[in-house]
Structure formats: structure tokens, C-alpha cells
Trainee: 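I have a structure here, written as C-alpha cells, and I will follow up with some questions on it.
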Amino acid sequence: MKFGDQFRREDFFDNSKLVESDNEKNHMANWSNLSCDAIEHIMGFLSLPDRHRFSAVCQNWRRVAKYNSCSPVEQLPWLMMREDASIKKRKFYSLTEKRHYYIDIPELQNTRWIGSSFGWLFIVDRKFIPQLFNPFTRECFELPMFPRFEEEMRHEGLVKAILSHDPSKTHDFTVLLLYYINNITRMAFWRPGENTWRCVPCNDYVSDAIFFRGNFYLACTEHLFVLSNVEANLIMKQVMPIFIACVKYLVDFMGELLLVGRHLKIVGDPFAMNIRDDKRLHIVTARFVVHKLNLEGRKHSECKDLDDGTIFLGIGCPLVVNSQLFPGCKRNSIYFTDLVLKLFPEPYGCDDLGVYDFTRDIIEPYYPPGIFHPIAEPPIWLTPNASKSAYGHSSNKNINKR
């Protein structure tokens with residue numbers, strides 16, 4: 001069904017307010033008097049930036065847009081970056097429009113983000129207080145403080161946070177937090193209504209985790225594990241061997257579980273001493289490999305073609321889109337951000353951003369190269385999510401562009 005097929009002209013306009021021209025006997029419609037249902041229907045076809053432009057047309061449209069809680073049309077993820085010090089606003093980069101947006105989000109000042117899922121950020125402030133925060137609706141979930149005996153993990157020990165479901169759509173979700181203490185991986189779980197974290201030890205290094213088909217799966221050093229709930233006590237069960245000597249990611253690729261391997265290399269001049277010198281030794285991405293995991297057969301096979309699929313990797317949960325739906329999005333490719341792995345303790349900037357083309361086996365830039373991002377605020381993929389949850393609380397936000 002094409003846009004507008006289910007509406008008649010009289011459904012869109014209040015006929016009592018049609019204006020007749022002095023020169024012509026034609027009826028001209030007053031677009032500000034569109035019915036609320038029609039306005040909400042139109043908004044369902046708009047991306048987040050277009051929604052803000054839409055709401056600026058008139059007071060009626062702005063009023064409907066303000067209280068509309070539906071998520072925007074499917075779109076490419078945005079790249080969230082550091083705050084612009086000159087204007088005190090958070091910088092976002094839109095791949096679709098190839099432009100920056102600047103949003104006033106004071107809640108993110110003096111925080112560190114550990115992961116992103118469904119457009120929500122897992123953040124920790126300077127007092128080590130964790131929260132789930134949606135930067136597009138200003139909603140947040142205040143999470144329990146970490147246990148006292150885990151205080152030694154501090155910010156540096158936090159690795160990644162994963163959500164099982166979108167908090168905008170359901171209250172029945174779980175937060176999984178991966179962290180390290182004395183180089184030992186640990187896991188903590190939290191669900192709405194619980195006052196404490198459930199901590200689970202792990203005897204292996206966990207590279208990544210994902211919620212897939214109702215369970216959490218862990219990519220460890222040599223094996224894939226699944227977390228099983230036995231009488232409310234979570235235990236790890238081995239699924240299959242996955243020995244791949246590289247950084248591992250678990251990806252839900254349109255219903256199939258993929259293991260993506262990221263191979264790294266060291267580049268630069270060992271004699272370059274300036275920490276801001278782009279010639280200094282540092283770690284960058286060399287290439288990617290993909291394996292399709294057969295959970296039932298407990299085996300995996302290499303996948304050399306993603307077809308029209310495109311994967312977005314970084315410190316947040318992997319995202320997958322159909323490139324055919326987004327002009328300019330490279331098919332059979334992986335867009336990636338910096339791993340924040342450094343050879344030196346100094347804050348060398350994050351600059352390993354690119355897109356890996358499987359067809360040509362090359363890496364190309366999607367963002368201007370040579371720009372260093374602070375390690376404390378590394379770029380992270382974030383899907384704009386304007387859906388409001390009845391569980392969290394929100395405040396107003398301002399969005400600007402350049």
C-alpha cells in the first residue's frame with residue numbers, strides 16, 4: 001500500500017477551514033489543520049532529524065510531534081562522539097546525510113559510556129553510579145550501586161553492557177555487564193525491580209556477549225558458552241569450540257548467529273615520541289573474518305559474503321541493516337569504530353575508524369581520517385530511538401545542526 005492510500009482528502013483536512021481564493025474558485029488546503037491521526041501517520045515515515053524539521057512547521061504539528069511516542073522510521077545508526085567544547089553540546093554524525101548534529105545533553109557530562117543497545121546508553125558517572133540513558137528522550141533507569149567488594153574494578157575494569165530487550169517496549173529486560181578484576185572476567189546481571197546486581201564469576205576471558213533466541217551467549221577464548229538459569233542460579237554451559245586468534249564479536253545477522261573476528265596490526269614509527277603524532281606506534285584494524293555458527297550442529301563455517309547485509313561494530317552491541325534500504329550504505333561491509341586498545345598508558349587518541357569491504361578486502365574511511373577522539377569518550381554507534389517508556393523519566397532536549 002502506498003502512502004496515503006488509506007486516507008481520503010476529507011480525512012486529512014478540516015473542510016470547514018478551506019479558504020477560497022479571490023482570483024480562482026479553487027479550494028486551498030490549510031496544512032496546519034491536518035488531523036492528528038494524519039500528522040502521526042506522516043511522522044511514521046520520517047527519520048529523527050526530519051521529525052524535528054517537521055515539528056518546526058507550525059504549532060499544531062509541533063504539539064503532535066511532542067507527544068508522539070512512536071520510534072522514527074528505520075535508519076542507519078548515528079556515530080556519537082565527544083562533546084564540542086566550544087558550544088557545550090554532544091556531537092553526532094549521520095552517515096545518511098554525511099553531516100554533524102549537535103545536541104544539548106548535559107546528563108552525559110562527566111560520564112563514561114560502556115555500551116549501547118536499542119538506542120540506550122549504559123553510562124557511569126564520576127561517582128561510579130551506573131545508569132541506562134536514552135539521549136533522544138532523556139529517559140533513564142537508575143541502576144543499583146555496584147557491590148562494595150567490586151569497587152576495585154573502577155572505570156577501567158568495565159568492559160561492556162548488553163540489554164536483552166528494548167526498555168522502550170517492555171519492562172521485562174535484563175542488563176548484562178562484563179567487567180574485569182585482577183584480569184579475571186566477571187559478569188553482573190540486573191532486572192527492573194531488583195535492588196542489587198547478581199554477580200557471576202567466569203573462569204575464562206570473555207571477548208563479547210549477545211542475547212540471542214532467549215539466551216545470553218558468550219564468546220570466550222576458545223569456546224562459545226550459553227548462560228543457563230538453573231533454579232535462579234546462572235551457570236555457563238559450553239556450546240562449541242570457536243578458537244579464532246583475534247578480537248571476537250557475536251552478531252545477530254537477521255536471525256543467524258555470526259562470529260566476527262577482527263584482526264589487528266601495529267603501525268607507526270617506534271622512534272616517534274609525541275603522543276599526538278599520528279606516526280607513533282599504535283594498533284589499527286587489518287581485516288575481518290566471519291563465521292556462521294550452527295548451534296544445533298555445534299560447528300561453524302566461514303562466511304565470505306554478507307550479501308546486502310551491513311554490520312556496525314564498536315564498543316556497543318553490533319547492529320545489522322539491509323544496505324538496499326539506505327542509499328550510500330556499502331553492502332557486504334563492516335563499519336567499525338576504535339577498540340580503545342593502546343600500546344602506551346598515555347591518552348593516545350582514538351582514530352581507528354573505517355569500513356571494511358569484503359568484496360575487495362580493503363578498508364576505506366567513512367569519517368575524515370586523522371581526527372583523534374578522546375579515549376574517555378570513544379565514538380560509539382547509536383540507533384536513534386525516540387520511543388518513550390512508561391518506566392523511565394524524561395526531560396526536554398534541544399537539538400541543533402551545523
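Counting from 1, the numbers follow the sequence of the chain as shown. Given the structure is predicted, the values throughout are model-derived calculations rather than measurements.
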Trainee: Tyr102 vs His100 aromatic rings, parallel, tilted or perpendicular, using cut-offs 30° and 60°?
Mentor: tilted
Trainee: On a heavy-atom basis, which atom in Arg298 and which in Val239 lie closest, and how many Å separate them?
Mentor: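 So the minimum-distance heavy-atom pair works out to CD-O, 3.3 Å.
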Trainee: My understanding is that only residues two or more places apart in sequence, or in another chain, count here; which of them pass ring-ring contact (aromatic ring centres under 6.0 Å, His included) with Phe212?
Mentor: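 Counting only residues at least two positions away or on another chain, Phe212 forms no ring-ring contact (aromatic ring centres under 6.0 Å, His included).
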Trainee: Between Glu139 and Asn134, is there a side-chain donor-acceptor contact under 3.5 Å, judged purely by atom types and distance?
Mentor: no
Trainee: With rounding to the nearest 0.5 Å, note down the distance linking CD1 in Ile334 to CZ in Phe312.
Mentor: 11.0 Å
Trainee: Please report the C-alpha distance between Trp120 and Ser168 in whole Å, then the side-chain angles of each, then the deciding distance to 0.1 Å, and finally whether the side-chain contact (heavy atoms from CB on, under 4.5 Å) criterion is met.
Mentor: CA-CA 9 Å; Trp120 291 77; Ser168 304; 3.1 Å; yes
Trainee: In plain terms, say whether Glu256 and Lys292 are close enough for a salt bridge, that is, a side-chain N and a carboxylate O under 4.0 Å apart.
Mentor: yes
Trainee: So, are Lys248 and Glu222 salt-bridged, with charged N and O less than 4.0 Å apart?
Mentor: no
Trainee: Compare every heavy atom of Arg331 with every heavy atom of Ser323, then report the nearest pair and how far apart it is.
Mentor: OG-CB, 3.1 Å
Trainee: Specify the closest pair of heavy atoms between Thr337 and Leu353, including all atoms of both residues, with the distance to one decimal.
Mentor: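 Of all heavy-atom pairs spanning Thr337 and Leu353, the closest is CA-CG, 4.2 Å.
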Trainee: Would you say the ring centroid of Phe141 lies under 6.0 angstrom from that of Phe122?
Mentor: no
Trainee: Is the Phe211 to His165 ring centre distance short of 6.0 Å?
Mentor: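 That pair passes the under 6.0 Å test.
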Trainee: Under the side-chain contact (heavy atoms from CB on, under 4.5 Å) rule, what do Ile363 and Val355 come out as? Steps first, then yes or no, please.
Mentor: CA-CA 5 Å; Ile363 292 177; Val355 52; over 6 Å; no
Trainee: Does the pair Arg262/Asp352 count as a salt bridge with the N-to-O cut at 4.0 Å?
Mentor: yes
Trainee: For a quick test of reading the model, state the closest non-hydrogen atom pair linking Tyr179 to Cys199 and the distance between them.
Mentor: OH-SG, 3.8 Å
Trainee: Under 4.0 Å between a Lys/Arg side-chain N and an Asp/Glu carboxylate O for Glu364 and Lys330?
Mentor: yes
Trainee: Using a strict 4.0 Å threshold on nitrogen-to-oxygen distance, state whether Lys88 and Asp104 make a salt bridge.
Mentor: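 Answer for the salt bridge query: no.
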Trainee: Could you tell me if the ring centre of Phe288 sits under 6.0 Å from that of Phe336?
Mentor: yes
Trainee: Has Trp190 got a side-chain atom pairing as donor or acceptor with Pro144's backbone, closer than 3.5 angstrom?
Mentor: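 A pair under 3.5 Å: no.
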Trainee: I want to check a possible cation-pi pair here: Arg99 against Tyr101, using under 6.0 Å from ring centre and within 45° of the ring axis as the test.
Mentor: yes
Trainee: Under the criterion ring-ring contact (aromatic ring centres under 6.0 Å, His included), which of Tyr366, Tyr367, Trp113 is the partner of Trp381?
Mentor: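 The residue from Tyr366, Tyr367, Trp113 that satisfies ring-ring contact (aromatic ring centres under 6.0 Å, His included) with Trp381 turns out to be Tyr366.
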Trainee: So, Glu107 and Arg138, do they make that salt bridge, N to O below 4.0 Å?
Mentor: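 Looking at Arg138 together with Glu107, the answer is yes, because their closest N to O distance falls below 4.0 Å.
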